Amino acid sequence: MEATVSTNAAIWQASLEKIAERVADPQVYDTFFGSSKITGVEGKHIYVAVNSPVAAQVLSKNYARMVNEVLSEVTQTDFEVEFVYDSNPEGKKESSKEHPVFFPNSAPDPNFTFDNFVEGESNRSAYQAALMAANAPADIYNPLFIYGGSGLGKTHLLHAIGNAYKAKHPGKEVLYVTADGFFDGYVRFLKYIKDVKDEKRGNELRDYFRDRVDMLLVDDVQFLRGREQTEETFFHVFEVLVAAKRQIVLTSDTHPSKLEGFPARLKTRFGQGLTLSVTPPDQETAEKILWTKISAYGFKKGDIDEEIVTFFAKRFSNNVRDLEGRLTQLFFYMSLHPGEKIGLDEAKKAVQGEIEAKEEKERLSEEKIVNAVADYYYLAPSQILGKNRTGQISLARHVAMYLIRDVLDLPFARIGAYFGKDHSTVISGVSNVEKSLKTNPEMKKAVTALKAKLKS
Ligand code: ADP
Ligand code: MG
């Protein structure tokens with residue numbers, strides 16, 4: 001379900017009316033439910049904040065069943081209520097008037113939850129660790145460091161952690177910030193202490209974090225690079241939060257050890273907790289993500305041809321953001337052609353531009369592979385693409401075909417077209433290499449070296 005603040009308020013309002021009918025004593029109702037509100041929804045749990053620890057306890061023990069029944073009447077969904085104590089149910093921080101907001105828009109985005117994240121082989125460990133960071137913050141791993149390519153769900157997981165934690169601990173402060181946002185906040189802070197000189201509040205940003213931040217989520221930490229002052233400050237903030245057992249979660253495009261332009265001590269700190277990667281989704285996960293998005297758009301399974309989903313998942317799954325983008329294009333195309341039956345051909349038409357761009361990229365990759373193979377065998381690329389069938393040239397050609405098939409996963413016919421051969425020639429070339437790999441150490445060495453080179 002959409003867990004927006006306004007729908008939560010409406011649900012709770014409707015529920016309270018029914019609850020009031022069922023709680024015989026109005027004073028009991030006022031005491032326990034008076035200033036209650038829904039603070040978050042996570043999976044089947046609805047978190048309701050109340051104004052005292054005693055109220056949370058009494059309600060959990062004596063009223064949870066009744067409230068669950070009411071919630072299921074109101075929402076037509078089976079939820080389990082969890083009562084939590086919120087010292088400040090109006091959501092006002094006592095000192096918010098005392099100084100400016102250094103980190104505006106730092107609340108986690110409610111649109112990204114664990115609920116609408118599809119777990120698969122490619123993100124399983126990161127997903128599980130994220131759940132753990134939300135449920136048992138700083139208990140085991142601090143920081144949690146998630147890295148991987150663009151569009152693979154890192155930002156989504158970061159927000160999900162913040163949202164799940166907030167739902168359970170409404171009084172706690174979660175700060176979601178990008179590396180750039182951290183830099184901007186730091187600059188605001190410097191300006192503030194220069195103008196105000198407030199000794200009591202401390203003139204270190206780390207004191208501000210120690211006093212006010214319970215969980216720190218920093219997105220795309222690689223962009224802190226090269227700003228020495230900011231790095232230094234971040235280092236101190238990091239240290240003070242870890243010492244205070246507050247969970248830190250970081251994301252980046254690379255493994256901490258590979259972060260360029262960072263001081264060694266920061267890289268070491270980044271890697272001292274748990275470091276996990278997200279990778280492009282496999283076919284099954286990509287399809288599942290697509291179906292999830294399709295239903296989020298209000299479509300049902302039968303509305304979209306399964307062939308289309310399979311095709312999109314196969315073609316665009318290097319990046320989930322792309323995958324979503326193609327779906328949006330498809331919906332746009334459908335809205336321009338109302339009533340038309342949309343099959344695979346129409347779907348391809350809808351994303352034609354993207355397919356061409358991708359093929360261009362693959363063509364470049366084919367070229368890259370042929371060049372690398374030519375290099376390895378001391379040949380010219382034109383010899384590999386030519387017609388000469390003497391031993392070494394023909395061998396190199398087969399290796400190139402094999403690598404294109406293996407690395408780019410292109411259809412045989414397409415590889416054939418690239419070499420000016422038909423697809424059966426490619427099939428036999430590729431299978432020669434496959435056979436040789438089993439028996440010939442030279443071949444194994446060549447393929448291993450070339451694959452390593454292509455990856456760099
Ligand atoms: P990153 O931060 O790694 O570049 P994002 O978290 O911004 O990627 O993800 C890009 C888009 O793809 C977002 O809309 C996100 O919701 C979606 N997305 C990525 N992975 C998943 C997943 N496993 N399940 C559902 N949506 C996903
Ligand atoms: Mg991101």
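Remember, it's a predicted structure, so these values are computed and weren't measured experimentally. Numbering of ligands and ligand atoms starts at 1, following listing order.
- The single protein non-hydrogen atom nearest to atom 6 (O) of ligand 1 is His156 N, 2.8 Å, given as residue, atom name and distance.
- With hydrogens and angles left out, the side-chain atoms of Tyr147 and Asp253 include no donor and acceptor closer than 3.5 Å.
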Please output the side-chain donor-acceptor pairs of residues 342-352 that fall under 3.5 Å, not counting sequence neighbours, one pair per line with the distance.
{"from": "Glu346", "atom 1": "OE1", "to": "Gly343", "atom 2": "N", "distance (Å)": "2.8"}
{"from": "Gln352", "atom 1": "NE2", "to": "Glu356", "atom 2": "OE2", "distance (Å)": "3.1"}

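- Atom 27 (C) of ligand 1 has Val320 CG1, 3.7 Å as its closest protein atom, hydrogens excluded (heavy atom only).
- Among the atoms of Phe112, none of the N or O lies under 3.5 angstrom from an N or O of ligand 1.
- Ion pair Lys453/Asp375 flagged as a salt bridge, since at least one NZ, NE, NH1 or NH2 atom sits closer than 4.0 Å to an Asp/Glu carboxylate oxygen.
- Among Phe183, Phe182, Tyr186, Tyr192, the single residue meeting the ring pair (Phe, Tyr, Trp, His ring centres under 6.0 Å) criterion with Phe102 is Tyr192.
- Ring pair Trp12/Phe33 is tilted by interplanar angle, where 30° to 60° counts as tilted.
- Less than 4.0 angstrom separates some heavy atom of Ile289 from each of these atoms of ligand 1: 22 (C), 23 (N), 24 (N).
- Glu324 OE2, 3.0 Å is the protein heavy atom nearest to atom 17 (C) of ligand 1.
- Between Phe79 and Tyr47, a ring centre-to-centre spacing not shorter than 6.0 Å is recorded.
- For ligand 1, the atoms sitting less than 4.0 Å from at least one non-hydrogen atom of Ser150 are 4 (O), numbered in the order shown with element in parentheses.
- Between atom CG of residue Asn116 and atom CD1 of residue Ile289 there is a gap of 11.0 Å, rounded to the nearest 0.5 Å.
- Atom 1 (P) of ligand 1 has its nearest heavy-atom neighbour, among Ala296, Pro281, Gly151, in Gly151.
- Nearest non-hydrogen protein atom to atom 21 (C) of ligand 1 is Phe117 CE1, 3.7 Å.
- Ionic pairing of Arg321 and Glu324 is not present here: no N-O contact between side-chain nitrogen and carboxylate oxygen is shorter than 4.0 angstrom.
- Here's the thing with Gly153: one of its N/O atoms is less than 3.5 angstrom from an N/O atom of ligand 1.
- Regarding atom 7 (O) of ligand 1, its nearest protein heavy-atom neighbour is Arg321 NH2, 3.1 Å.
- The shortest separation from a heavy atom of Glu119 to ligand 1 is not under 4.0 Å, leaving the residue out of contact.
- Here salt bridge (Lys or Arg N to Asp or Glu O under 4.0 Å) pairs that include residues 254-269, with residues two or more places apart or in two chains, are Glu232-Arg265, Glu239-Arg269.
- Taking every heavy atom of Asn116 and a limit of under 4.0 angstrom, the matching atoms of ligand 1 come to 25 (C).
- The ligand atoms of ligand 1 that sit less than 4.0 angstrom from a heavy atom of Lys293 are 16 (O), 17 (C), 25 (C), 26 (N).
- Judged by distance alone, the side chains of Thr178 and Asp220 never bring a donor and an acceptor atom under 3.5 Å apart.
- With hydrogens left out, the protein atom closest to atom 24 (N) of ligand 1 is Val118 N, 2.8 Å, a heavy atom.
- Separation of the Phe112 and Phe117 ring centroids does not fall under the 6.0 Å cut-off.
- For ligand 1 and Asn123, the ligand atoms under 4.0 Å from any heavy atom of the residue are 23 (N).
- The distance from the Mg ion (ligand 2) to the nearest N/O/S atom of Ser150 is not under 2.8 Å.
- Protein heavy atom at the shortest distance from atom 3 (O) of ligand 1 is Lys154 NZ, 2.7 Å.
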